Amino acid sequence: MDSTTFSPSTTPEIDSVEALLDFIDSHPMGPENWIDFGAVDIEETLFDPTEWLIHPDPNEKVRAPKLYEFLVLLLNNERYSAYASWIDKEEGVFEIHNPAQVVKLWEKVKSRKAKQKMNFDTFSRGIRMYYAKGDMIPTYTRYTYRFASTK
DNA sequence: TAGTAGGAACCAG
DNA sequence: CTGGTTCCTACTA
């Protein structure tokens, strides 16, 4: 509505996807206003919560990404090319260059109430769950994964 | 030693 | 029930 309501100076601390979703819940607004939140510096990387929102269609509620959605957003964001990048985008093949940072990013995007610290073992198990569903194909190669469909 | 695949129990939403 | 998360065994570089 009133765009001044969403200016960075008048919004609370929004440094996670969870905080952003909470704010959007209490302040109805469209994607055009998401840009107004600014970004925070997290471990030498600019983290912008609005980059990690999923909004399939206007009817569906805005939400945090699922794991495969998170991977696609990460891969298609040039700012994170040092974290992970496509090897063959047409074939859906990609490589994770900085596993530790990718896992930290995933934790931040999911805003888990960490019982334990997530590590690459648990993160990669999440990816491997997609093999059985047919959404991903094993590559048997270090830090290398493949989407079954480029869709 | 550190990654990969995948079974099984578990759990928050 | 979904979408992971936690834990673990087996295999390979």
Side-chain angles (χ1 to χ4, degrees), chain A residues 6 11-37 39-40 42-151:
Chain A
F6 312 121
T11 55
E13 201 73 57
I14 296 178
D15 63 349
S16 71
V17 172
E18 186 179 47
L20 178 55
L21 286 170
D22 285 348
F23 190 81
I24 289 174
D25 257 356
S26 50
H27 301 74
M29 71 185 84
E32 65 277 4
N33 292 305
W34 297 354
I35 196 70
D36 293 332
F37 292 101
V40 292
I42 301 294
E43 297 183 14
E44 298 169 13
T45 305
L46 198 64
F47 179 77
D48 181 353
T50 65
E51 291 179 340
W52 304 100
L53 294 179
I54 300 292
H55 49 114
D57 65 78
N59 306 344
E60 213 167 319
K61 201 177 166 189
V62 178
R63 57 172 174 78
K66 293 174 184 175
L67 180 55
Y68 73 91
E69 293 169 329
F70 163 80
L71 289 169
V72 171
L73 289 173
L74 178 71
L75 261 4
N76 290 337
N77 188 332
E78 276 304 312
R79 284 185 21 253
Y80 289 111
S81 57
Y83 283 32
S85 64
W86 294 108
I87 288 176
D88 186 336
K89 193 169 181 177
E90 286 301 301
E91 291 298 311
V93 182
F94 65 95
E95 182 175 356
I96 294 172
H97 311 300
N98 192 331
Q101 286 299 84
V102 170
V103 171
K104 280 186 183 176
L105 202 52
W106 173 238
E107 284 186 298
K108 187 134 192 71
V109 168
K110 277 296 288 288
S111 304
R112 305 174 53 246
K113 299 180 180 70
K115 302 164 194 157
Q116 294 179 199
K117 199 92 183 225
M118 168 92 77
N119 55 36
F120 193 70
D121 272 333
T122 55
F123 178 81
S124 60
R125 185 69 189 92
I127 294 178
R128 293 197 298 274
M129 290 304 297
Y130 289 122
Y131 296 161
K133 296 186 206 167
D135 296 330
M136 296 240 211
I137 299 165
T139 71
Y140 296 87
T141 309
R142 179 185 164 92
Y143 297 142
T144 305
Y145 301 90
R146 178 178 179 182
F147 288 98
S149 165
T150 320
K151 169 81 172 72

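In what follows, chains carry the letters A, B, and so on, assigned in the order in which the sequence lines appear, proteins first and then strands, with residues in each chain numbered from 1. Everything numeric here is computed off the predicted structure, so don't read it as measured data.
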task = Would you please indicate yes or no on a ring centroid separation below 6.0 angstrom for Phe147(A) and Phe94(A)?
result = yes

key: Glu78(A) atom CD, over 12 foreign heavy atoms within 6.0 Å   = no

key: Candidate nucleotides dG3(B), dG6(B), dG3(C), ranked by approach to the side chain of Tyr143(A) - the nearest   = dG3(B)

ask   = Between Pro99(A) and Arg128(A), which has a closest nucleotide on DNA chain B that is more 5'?
value = Pro99(A)

query = Which part of the nucleic acid does Phe123(A) contact within heavy-atom distance under 4.0 Å: base, sugar-phosphate only, or nothing?
reply = nothing

request  = Round to a whole Å and report the spacing from CG of Leu71(A) to P of dG3(C).
outcome  = 15 Å

message = Strictly below 4.0 Å: does Tyr140(A) bring a side-chain N or O up to OP1 or OP2 of dA13(C)?
response = no

ask   = Can you find a heavy atom in the side chain of Tyr68(A) that is under 4.5 Å from one in the side chain of Lys133(A)?
value = no

request  = Look at Trp106(A) and dG4(C) and indicate whether a side-chain polar atom (N or O) is within less than 4.0 Å of OP1 or OP2.
outcome  = no

Short side-chain to backbone donor-acceptor contact, Tyr145(A) and Ile127(A), under 3.5 Å = no

query = Ignoring hydrogens and angles, does a donor from either the side chain of Arg142(A) or the base of dG3(B) sit under 3.5 Å from an acceptor on the other?
reply = no

ask   = Does the dG7(B) base have a donor-acceptor partner in the side chain of Arg125(A) within less than 3.5 Å?
value = yes

ask   = Hey, is the side chain of Lys110(A) poking within less than 4.0 Å of OP1 or OP2 on dG3(C), counting only N and O atoms?
value = no

task = Select base, sugar-phosphate, or nothing to describe what Phe70(A) touches, counting heavy atoms under 4.0 Å on all strands.
result = nothing

